[in-house]
Amino acid sequence: MRFEVEVISEEILPAIRSMMATRLSDDYGLNQEEIADRLGLTQPAVSQYLSSSRADRDIVRKLENDMQVDVLIDDATKKAANDGDYSKELSQLLTTTRDKGLLKERFQDTGDIM
């Protein structure tokens with residue numbers, strides 16, 4: 001059995017980071033070092049997020065297709081682009097994902113359905 005926090009840290013958070021890294025690159029023109037600095041990651045991690053090798057593409061697509069999540073990603077990305085604290089938006093993203101049951105299939109083996 002996996003804990004909910006494991007699913008979040010291993011599957012959902014990487015998808016959110018991938019989306020944010022892509023938007024920081026595409027929408028704000030930041031390079032990998034700048035993105036790494038804004039997100040508190042290493043440059044190699046950013047490279048993996050941008051090449052889609054570090055996040056599950058199905059999860060990314062599912063999150064991108066939810067309008068509320070998309071707005072929250074934009075808000076968090078905007079704050080990160082301006083060197084702001086986006087932790088509140090990140091927390092809201094995780095809560096929204098759980099409350100909407102967007103990834104409930106990922107939590108079936110945790111004993112605690114999101």
Side-chain angles (χ1 to χ4, degrees):
M1 174 162 81
R2 294 170 62 198
F3 293 102
E4 182 178 287
V5 68
E6 291 175 307
V7 174
I8 290 169
S9 66
E10 294 170 4
E11 298 185 38
I12 297 172
L13 194 53
I16 290 170
R17 285 179 173 157
S18 177
M19 293 167 69
M20 289 181 69
T22 300
R23 291 178 191 198
L24 286 168
S25 175
D26 294 349
D27 299 345
Y28 294 91
L30 300 181
N31 65 40
Q32 291 185 12
E33 287 290 335
E34 293 168 323
I35 295 168
D37 182 57
R38 301 298 199 292
L39 298 182
L41 304 169
T42 64
Q43 179 276 321
V46 170
S47 177
Q48 290 177 343
Y49 285 125
L50 292 175
S51 69
S52 303
S53 64
R54 197 164 184 155
D56 185 313
R57 295 310 306 160
D58 290 334
I59 294 174
V60 170
R61 277 191 286 281
K62 197 164 207 174
L63 294 177
E64 286 175 335
N65 288 331
D66 185 275
M67 290 174 58
Q68 186 177 5
V69 169
D70 194 56
V71 167
L72 290 169
I73 292 283
D74 278 343
D75 291 347
T77 303
K78 183 178 182 179
K79 283 197 175 177
N82 294 304
D83 258 344
D85 178 10
Y86 62 93
S87 59
K88 212 189 273 186
E89 288 76 13
L90 183 59
S91 178
Q92 192 172 2
L93 272 161
L94 296 173
T95 300
T96 299
T97 302
R98 182 185 63 231
D99 291 350
K100 286 184 148 195
L102 292 176
L103 300 166
K104 63 184 173 191
E105 70 278 0
R106 302 287 185 180
F107 293 89
Q108 289 177 348
D109 64 343
T110 66
D112 184 23
I113 304 295
M114 230 177 145

Got [X] and [Y] here, is their nearest side-chain heavy-atom distance under 4.5 Å?
| X | Y | answer |
| --- | --- | --- |
| Arg23 | Met19 | yes |
| Ile8 | Leu94 | yes |
| Arg57 | Ser18 | yes |
| Leu24 | Leu39 | yes |
| Leu41 | Ile35 | no |
| Tyr86 | Thr77 | no |
| Val69 | Ile16 | no |

Just how far is it from atom [atom1] of [X] to atom [atom2] of [Y], taken to the nearest 0.5 Å?
| X | Y | atom1 | atom2 | result |
| --- | --- | --- | --- | --- |
| Gln68 | Gln92 | CD | CD | 7.0 Å |
| Asp37 | Leu30 | CG | CG | 9.5 Å |
| Asp70 | Leu93 | CG | CG | 10.0 Å |
| Tyr28 | Glu34 | OH | CD | 14.0 Å |
| Arg61 | Glu64 | CZ | CD | 8.5 Å |
| Gln43 | Glu33 | CD | CD | 5.0 Å |

Dump the intermediate steps for side chain to side chain contact (heavy atoms under 4.5 Å, CB included) on Ile73 and Leu63, then the final yes or no. CA-CA 9 Å; Ile73 292 283; Leu63 294 177; over 6 Å; no
Taking all atoms of both residues into account, what is the closest heavy-atom pair of [X] and [Y], and its distance?
| X | Y | answer |
| --- | --- | --- |
| Ala21 | Tyr49 | CB-CB, 4.2 Å |
| Arg38 | Ala81 | NE-O, 3.3 Å |
| Ser9 | Pro14 | O-CD, 3.4 Å |
| Ser87 | Asp85 | OG-OD1, 2.8 Å |
| Ile59 | Ala15 | CG2-CB, 3.5 Å |

Are any side-chain N or O atoms of Asn82 and backbone N or O atoms of Gly84, one a donor and one an acceptor, separated by less than 3.5 Å? no
Kindly say whether Ala45 contributes a backbone atom to a donor-acceptor pair with the side chain of Gln48 at under 3.5 angstrom?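 Checked: no pair found.
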Side-chain ion pair, Asp75 and Lys78, N-O less than 4.0 Å: no
If the threshold is 4.0 Å, N to carboxylate O, is there a salt bridge linking Asp56 and Lys62?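 So Asp56 does not pair with Lys62 through a salt bridge.
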Who pairs with Arg17 by side chain to side chain donor-acceptor pair (under 3.5 Å), at least two apart in sequence or on another chain?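 Arg17 satisfies side chain to side chain donor-acceptor pair (under 3.5 Å) with no other residue.
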